[in-house]
There are 2 protein chains.
Amino acid sequence: MKNDRPRIRDVARLAGVSTATVSRVLSNPGVVSQQTRASVQNAIAATGYRLNEAARNLRHRRTGGIVALVPNLANPFFAQILSGIASVLGPAGYNLLIADTGPDGAGRLLDYAEPSRADGLIVLDGALPAHALTGRIPLVEACEWVPGLSAPRVKIDNRAAAGLAVDHLADLGHRRIGHVAGPPGNVLSIARLGGWRDRLSARGLTPDEAAIWQGDFSLDSGQAAAAEWLAQPPGQRPTAVFLASDAMACGFIAEVQRHGFTVPRDLSVVGFDDIELVSHVSPPLTTIRQPRWMIGRVAAERLLRRLETGDTLDDDTILPVELVVRGSTAPPAPGV
Amino acid sequence: MKNDRPRIRDVARLAGVSTATVSRVLSNPGVVSQQTRASVQNAIAATGYRLNEAARNLRHRRTGGIVALVPNLANPFFAQILSGIASVLGPAGYNLLIADTGPDGAGRLLDYAEPSRADGLIVLDGALPAHALTGRIPLVEACEWVPGLSAPRVKIDNRAAAGLAVDHLADLGHRRIGHVAGPPGNVLSIARLGGWRDRLSARGLTPDEAAIWQGDFSLDSGQAAAAEWLAQPPGQRPTAVFLASDAMACGFIAEVQRHGFTVPRDLSVVGFDDIELVSHVSPPLTTIRQPRWMIGRVAAERLLRRLETGDTLDDDTILPVELVVRGSTAPPAPGV
DNA sequence: CTGAAAGCGCTTACAG
DNA sequence: CTGAAAGCGCTTACAG
């Protein structure tokens with residue numbers, strides 16, 4: 001099956017021209033005369049010829065592939081980002097390769113940053129070692145970023161976004177506002193925690209370190225944080241909690257509901273991300289919407305631009321976020 | 001940067017051997033003498049040589065890539081399947097390419113089924129036209145399947161799985177059991193609807209066509225179905241509903257809750273898939289667990305086997321499902 | 001506008 | 001065990 005596929009030589013023979021001419025018709029038809037072009041096109045149709053991309057790529061010293069380095073492919077958070085990336089790469093003639101950086105570690109990583117495997121990299125994992133990515137193929141970072149790695153970054157202002165959540169809760173009248181942080185060391189966790197702290201201070205509400213719970217973005221960790229909230233004396237419990245991910249917020253809410261608490265009557269909750277489901281749970285979640293699809297698109301476009309122009313500018317693109325107010329937030333119960 | 005990468009010739013020169021020998025050290029070291037091998041390896045280290053996969057692939061007439069055809073990359077349902085696929089392909093030395101079949105349609109599809117782009121295909125979209133995939137590169141189907149396309153299939157028994165849901169509800173004492181179906185024409189919708197019908201009949205509960213609502217697997221369509229359920233006269237409403245996806249079940253539950261109903265007191269709900277979130281919503285959802293990660297793994301393994309052995313057997317692999325009973329189902333309220 | 005030829009970076013039968 | 005040479009299927013400066 002593979003062997004009887006027509007090659008460019010077969011087309012050339014049938015059309016009575018050289019392989020060079022066939023190649024020109026394929027990649028730069030304007031330079032070939034009407035007549036020749038027509039007969040080559042006939043020969044292409046007659047033979048059922050299809051260009052071998054691999055050979056073209058070898059000749060062009062490119063691979064035609066872009067790899068996305070995803071921390072955890074099983075995490076639905078990345079689905080929409082990848083979708084955005086794919087929507088740009090496909091039409092531009094690039095293949096999207098996907099690599100899960102989780103289990104393999106940095107070992108296989110180096111393979112992906114090989115010029116012979118991909119033309120460029122979109123890094124979605126801020127926990128990768130900078131040295132493994134430095135001085136290799138062109139890359140951009142999206143959502144997360146690797147400290148110490150200089151590259152264009154496409155992201156949101158996580159600190160300001162966390163501030164929006166705090167402002168919303170404070171505007172509702174909450175004075176004790178807790179925070180469930182993402183995994184320690186994660187760049188997003190740090191920025192969001194920082195935003196929570198800053199904004200509380202700015203509004204004269206002293207951030208209470210006892211109102212910070214350690215999570216890891218997962219549902220389970222949100223549930224665990226809720227258990228700690230429940231364990232606090234009622235008079236000291238925050239009346240509102242801002243969580244660094246929607247998944248944690250869902251786990252948190254389900255757990256307090258299980259213990260007979262009502263959201264938002266007994267507790268206001270704000271998440272982060274606006275993943276699809278949270279507008280359809282009960283109560284619908286107030287959250288910070290990240291333009292995930294757009295982040296994917298812009299990151300892909302930025303990478304393509306770098307590949308085409310060879311620019312060397314390590315700029316940041318900050319995409320806007322939005323506070324989406326739904327049913328999980330309300331003024332604190334009177335007298336709490 | 002690209003130009004100064006050492007090629008095999010540079011290594012050969014340094015080691016004082018031919019390029020053929022270097023190539024042998026790389027791909028079949030056993031055939032080269034100790035001494036020669038050592039000096040070649042030194043030369044490789046000294047030059048920092050790395051094999052160019054693209055060139056090797058061209059020579060081998062393979063691409064080293066497997067493409068997964070996903071109906072909608074933004075749908076988190078596929079994240080875990082892709083993760084399973086990636087976990088097999090990476091270690092086997094294949095690149096995972098991802099293509100979103102949604103917007104492009106069948107046009108670009110043909111490009112992905114090109115031998116010059118990928119060695120094999122994993123088809124996750126049953127809505128693709130069979131003719132576009134017939135007689136092209138080796139493929140397997142996973143989860144969904146294209147009617148009329150003969151290929152190995154890795155899936156669950158959707159009909160029996162739906163039966164599990166119906167049995168569970170009937171065992172609880174429900175007599176009026178509704179169904180919210182997936183998109184019309186979809187192979188999964190048809191099988192699950194069929195399972196609902198069969199099982200009801202088998203248990204002497206006549207399937208009521210008025211208790212079937214049309215959905216499309218999405219949250220919104222579940223919500224819309226709930227509106228129709230609410231519009232029915234209370235005495236005629238099903239006391240239990242089986243939905244063909246968890247997303248629809250979440251939308252359904254949130255909507256009836258919004259109207260003051262309590263699940264499972266007023267209504268029992270069973271979903272399908274067991275996506276991560278549904279064990280953490282309130283009430284936790286009773287559902288059919290699909291082994292999505294395993295489906296991905298097995299599909300990838302089956303494809304690899306086909307590529308290696310060239311077998312031509314179009315077998316089905318049926319993976320087991322599991323009814324997961326949680327808090328969204330209970331016996332019907334007395335006197336309903 | 002077109003062709004002959006070299007080359008992208010490997011691999012592998014063939015011969016020794 | 002090793003090398004010279006052909007070839008995977010394209011593209012492109014060079015010459016005409």
Side-chain angles (χ1 to χ4, degrees), chain A residues 1-41 43-44 47-65 93 111 114-119, chain B residues 1-41 43-44 47-65 93 111 114-119:
Chain A
M1 170 181 163
K2 256 182 184 168
N3 285 322
D4 54 13
R5 301 195 81 218
R7 294 146 301 158
I8 216 170
R9 184 191 308 170
D10 303 313
V11 176
R13 202 170 288 152
L14 184 62
V17 297
S18 72
T19 58
T21 296
V22 177
S23 178
R24 288 189 193 105
V25 170
L26 258 19
S27 42
N28 193 9
V31 85
V32 179
S33 77
Q34 271 286 343
Q35 289 209 350
T36 315
R37 204 192 311 159
S39 78
V40 167
Q41 264 147 359
I44 288 175
T47 53
Y49 171 79
R50 309 223 32 163
L51 180 69
N52 182 319
E53 303 280 352
R56 166 180 280 184
N57 286 338
L58 175 60
R59 189 54 239 238
H60 280 157
R61 291 158 147 225
R62 53 163 251 160
T63 71
D111 291 346
E114 273 300 294
S116 77
R117 289 193 76 169
D119 300 329
Chain B
M1 169 183 164
K2 256 179 183 169
N3 285 323
D4 53 14
R5 301 194 83 220
R7 293 146 302 157
I8 216 171
R9 182 191 309 169
D10 302 313
V11 177
R13 200 171 287 153
L14 185 61
V17 298
S18 72
T19 59
T21 296
V22 177
S23 179
R24 288 189 191 101
V25 170
L26 257 20
S27 40
N28 193 9
V31 85
V32 178
S33 76
Q34 272 288 344
Q35 290 209 350
T36 316
R37 204 191 313 158
S39 78
V40 168
Q41 263 148 1
I44 288 175
T47 54
Y49 171 79
R50 310 224 33 163
L51 180 69
N52 182 319
E53 303 280 351
R56 166 180 280 185
N57 286 338
L58 176 60
R59 187 57 238 236
H60 280 156
R61 291 158 149 226
R62 52 163 254 162
T63 70
D111 292 345
E114 274 299 296
S116 75
R117 288 194 77 166
D119 300 329

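On a predicted model such as this, the values are computed, not experimentally measured, just so you know. What you see below is based on every heavy atom in this structure, not just the backbone, and it leaves out hydrogens, waters and symmetry mates. Every chain is numbered from 1, with letters handed out A, B, ... down the list of sequences.
- Taking atom P on both nucleotides, C/dA13 is separated from C/dG9 by 23 Å, rounded to a whole Å.
- Per the geometry, CG belonging to A/Asp10 stands 11 Å off P belonging to D/dC8, to the nearest Å.
- Put simply, CZ on B/Arg5 is 15 Å from P on C/dC8, counting in whole angstrom units.
- A/Arg61 has its CZ atom 12 Å from the P atom of D/dT12, to the nearest Å.
- Distance A/Glu53 CD to D/dT11 C1': 14 Å, rounded to the nearest Å.
- A donor-acceptor pair under 3.5 Å links the side-chain atoms of A/Arg37 to the main chain of A/Val32, judged by distance alone.
- Between A/Gly93 and A/Arg62, the shortest heavy-atom distance links the atoms O-NH2, 3.8 Å.
- Taking all atoms of both residues into account, the shortest heavy-atom contact from A/Leu26 to A/Tyr49 is CD2-CE2, 3.6 Å.
- Taking atom NE2 of residue B/His60 and atom P of nucleotide D/dG7, one finds them 17 Å apart after rounding to whole Å.
- Look at A/Arg56 and you'll find a side-chain N or O under 4.0 angstrom from OP1 or OP2 of D/dT11.
- Separation of the P atoms belonging to D/dT2 and D/dA6 is 23 Å when rounded to the nearest angstrom.
- B/Asp119 and B/Thr63 share a donor-acceptor pair across their side chains, judged by distance under 3.5 Å alone.
- Regarding A/Ile8, its CD1 atom lies at a distance of 14 Å from the C1' atom of C/dG3, rounded to whole Å.
- Across all strands shown, C/dC14 forms a Watson-Crick or G-U wobble pair with D/dG3, both key distances being under 3.5 Å.
- Put simply, the side chain of A/Asn28 never gets that close to the backbone of A/Val31: no donor and acceptor are under 3.5 Å apart.
- A donor-acceptor pair is defined here as one N or O able to donate and one able to accept, closer than 3.5 Å; no such pair exists between the side chain of A/Thr19 and the backbone of A/Ala12.
- Sorted by residue number, the members of residues 21-39 of chain B with any non-hydrogen atom under 4.0 Å from DNA chain D read B/Thr21, B/Arg24, B/Val31, B/Val32, B/Ser33, B/Thr36.
- Although no hydrogens or angles enter the test, the distance criterion places a donor-acceptor pair under 3.5 Å between the side chain of B/Ser116 and the main chain of A/Glu53.
- Here C/dT12 presents its P atom at 12 Å from CZ of B/Arg62, a figure rounded to the nearest Å.
- The distance between atom CG of A/Leu58 and atom P of D/dG7, rounded to the nearest whole Å, is 17 Å.
- Checking A/Asn52 against B/Ala20, the closest nucleotide of DNA chain D that is more toward the 5' end is the one next to B/Ala20.
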